[in-house]
Amino acid sequence: MKLKGWKELEMGAVIPEAGNAAQYNTGSWRAFRPQWKEENCIQCLFCWIYCPDSSVTVSDGKRGDFDYEHCKGCGVCAHECPGKKGNKAIVMVEEGN
Amino acid sequence: MGKKLAITGNQAVAEAMKQINPDVCAAYPITPSTEIMQRFASFVSDGVVDTELVTVESEHSAMSACIGASAAGGRVMTATSSQGLALMWEMLHIAAGMRLPIAMALVNRALSAPINIHGDHSDGMGSRDCSWIQIYSENAQEAYDNIFQAVRIAEHEEIRLPAMVCMDGFIISHSIESMEFLPDEVVRDFIGEFKPTNPLLDVDKPVTYGPLVLPDYYIEFKKAQHEAIKRAKKVTLDVAKEFEKVSGRSYGLFESYRLDDAEIAIVVLNSAAGTAKDVVDAFRDKGIKVGLLKPRLFRPFPYEEVADALGSARVIGVFDRADSFGGFGPMYMEIASAMIASGSSPVMINRIYGLGGRDFMPEDAEAVIKELVEIADTGKATTLKEYIGVRE
Ligand code: SF4
Ligand code: SF4
């Protein structure tokens with residue numbers, strides 16, 4: 001992507017379009033990757049609420065897989081996930097493993 | 001013609017703010033600027049203005065609230081002094097970086113420690129690099145007139161940067177002098193309506209203020225900011241011309257006093273310039289070619305124009321009511337830059353005076369001019385930077 005020159009920028013670094021964070025792929029920052037274990041998922045959607053990067057996909061009110069293009073691997077979802085009978089439905093595994 | 005009244009500098013500024021009737025003011029009281037907001041608060045409670053007055057717990061919060069209100073799309077004003085401005089410092093940069101045209105009255109006061117409530121320029125000069133437009137005022141009339149012009153310059157579509165109008169604490173803020181007001185409708189027409197660029201309250205066009213900008217773009221934003229503040233020089237002159245039409249009072253980038261053929265020049269800011277002009281007259285009566293330059297627009301600094309005005313001087317004495325400890329005074333640095341960039345090399349001395357509100361007397365100006373006359377004769381200055389009016 002060609003970077004803009006100083007005359008082409010929006011004054012005061014204002015971002016004029018809403019929701020354009022989607023264009024910024026933050027997935028490459030990840031050191032740990034959340035993995036969804038569907039068998040332990042109770043569909044409470046806590047992960048969806050807590051994820052700071054909207055990286056838990058949901059359709060028709062049901063949890064889908066992670067959006068790894070944007071998930072930064074912070075682990076908040078895994079921490080909050082109640083899982084089923086003490087078994088987490090999200091576990092963090094090191095990238096590259 | 002507007003009414004003429006005997007009034008303090010603070011009252012004059014409060015009156016100007018009343019006539020501007022800004023959308024939002026967020027402020028925290030601090031001597032000697034307190035009276036501005038105190039009076040303005042009465043205008044708010046009496047319903048004379050429609051302003052939303054936000055009383056906050058600190059100056060940092062005051063400037064933060066001003067930033068929020070300005071980003072929301074309002075015309076925003078505040079006032080402060082000394083430690084208050086120092087506490088705002090972080091937010092001053094943010095207001096400028098977000099290109100928010102907030103207007104602020106700065107009643108110049110010394111910085112602690114030791115604590116002191118009186119007038120000097122260490123607060124204003126300390127915020128020199130914050131990218132605020134800075135306009136200095138000699139007296140209440142200038143402060144009053146400058147407030148309207150500052151609003152216009154700050155809000156100009158090609159600038160959109162915050163502006164502060166400075167006047168000396170107590171010497172001007174609390175002294176009563178006679179000055180002339182503009183009729184309300186003249187002020188209304190002169191300042192016009194504020195049209196914000198990207199107001200947060202425009203819910204049909206949502207925008208984000210204050211994002212993270214990394215090395216790939218940060219310097220481009222700063223270059224744009226630098227170009228914007230540079231444009232303020234021309235806009236200041238344009239606005240002054242318009243202001244003269246409605247007020248009959250003329251302003252420039254600075255005031256030249258008997259400089260045309262001056263071989264010796266002094267540079268004096270704010271109220272002390274009034275005192276020094278009388279002394280210049282006395283020397284002129286004796287046939288000595290002395291002149292005075294009183295800066296008005298300090299940021300952006302009009303280097304070429306200042307060098308041009310000081311062009312005939314072989315010796316220049318620069319007075320600073322603030323120090324950059326371990327360096328030359330801030331005004332000296334600007335004048336020296338102006339002269340060097342213009343290719344001329346007068347002998348220049350720097351005299352630090354009046355810190356913490358110490359009176360600047362005609363004798364002080366006289367002693368320095370005498371010294372300059374000697375330097376003009378010998379071509380040599382023994383001490384480049386020195387404090388004056390100090391007990392041994
Ligand atoms: S690891 Fe963090 S960013 Fe990734 S899905 Fe979980 S909460 Fe979202
Ligand atoms: S928080 Fe855990 S249990 Fe709840 S929806 Fe997400 S993955 Fe499933």
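Proteins get letters first, then strands, A, B, ... in listed order; numbering begins at 1 in each.
Closest heavy-atom contact between A:Pro16 and B:Val207: CA-CG1, 3.8 Å. Smallest separation of non-hydrogen atoms from B:Val213 and A:Ala13: CG2-CB, 4.2 Å. Listed here is the closest heavy atom pair of A:Leu9 and B:Tyr217: CD2-CE2, 3.6 Å.
Counting heavy-atom neighbours within 6.0 Å of B:Lys241 NZ, excluding the residue itself, gives a total of 12 or less. Applying the 6.0 Å contact sphere to OH of A:Tyr50 captures no more than 12 heavy atoms from other residues, nucleotides or ligands. Dense packing is recorded around NZ of A:Lys88, with more than 12 heavy atoms of other residues, nucleotides or ligands lying under 6.0 Å away. Crowding of B:Phe190 atom CZ: a count of heavy atoms from other residues, nucleotides or ligands under 6.0 Å exceeding 12. Counted within 6.0 Å of CG on A:Leu45, heavy atoms from surrounding residues, nucleotides or ligands total more than 12; the atom is thus considered enclosed. Heavy atoms from other residues, nucleotides or ligands lying under 6.0 Å from CD of B:Glu157 number 12 at most. Within 6.0 Å of atom CD in B:Glu52, 12 or fewer heavy atoms from other residues, nucleotides or ligands are found, so the atom counts as exposed in its surroundings. Within a 6.0 Å radius of CD in A:Glu8, more than 12 heavy atoms belonging to other residues, nucleotides or ligands are found.
Interface remark: A:Lys4 contributes backbone and side-chain atoms alike to the contact with chain B (heavy atom separation under 4.5 Å). Heavy atoms of A:Glu10 lying under 4.5 Å from chain B belong to its backbone as well as its side chain. For a residue to count as touching a neighbouring chain, one of its non-hydrogen atoms must lie under 4.5 Å from one of that chain's; by this rule B:Gln225 does not touch chain A.
Between chain A and the options B:Ala228, B:Ala224, B:Gly210, B:Pro211, the largest number of non-hydrogen pairs under 4.5 Å is found for B:Pro211. For the set B:Phe221, B:Tyr209, B:Tyr218, the entry with the most heavy-atom pairs within less than 4.5 Å of chain A is B:Phe221.
Residues A:Trp6 and B:Glu227 meet the side-chain proximity criterion, which asks for heavy atoms closer than 4.5 Å. Under the 4.5 Å side-chain criterion, counting only non-hydrogen atoms from C-beta, B:Asn198 is not in contact with A:Met11.
Note: A:Lys7 NZ to B:Glu220 CD = 12.5 Å, rounded to the nearest 0.5 Å.
By a heavy-atom distance cut of under 4.5 Å, not one residue of residues 61-75 of chain A is near chain B.
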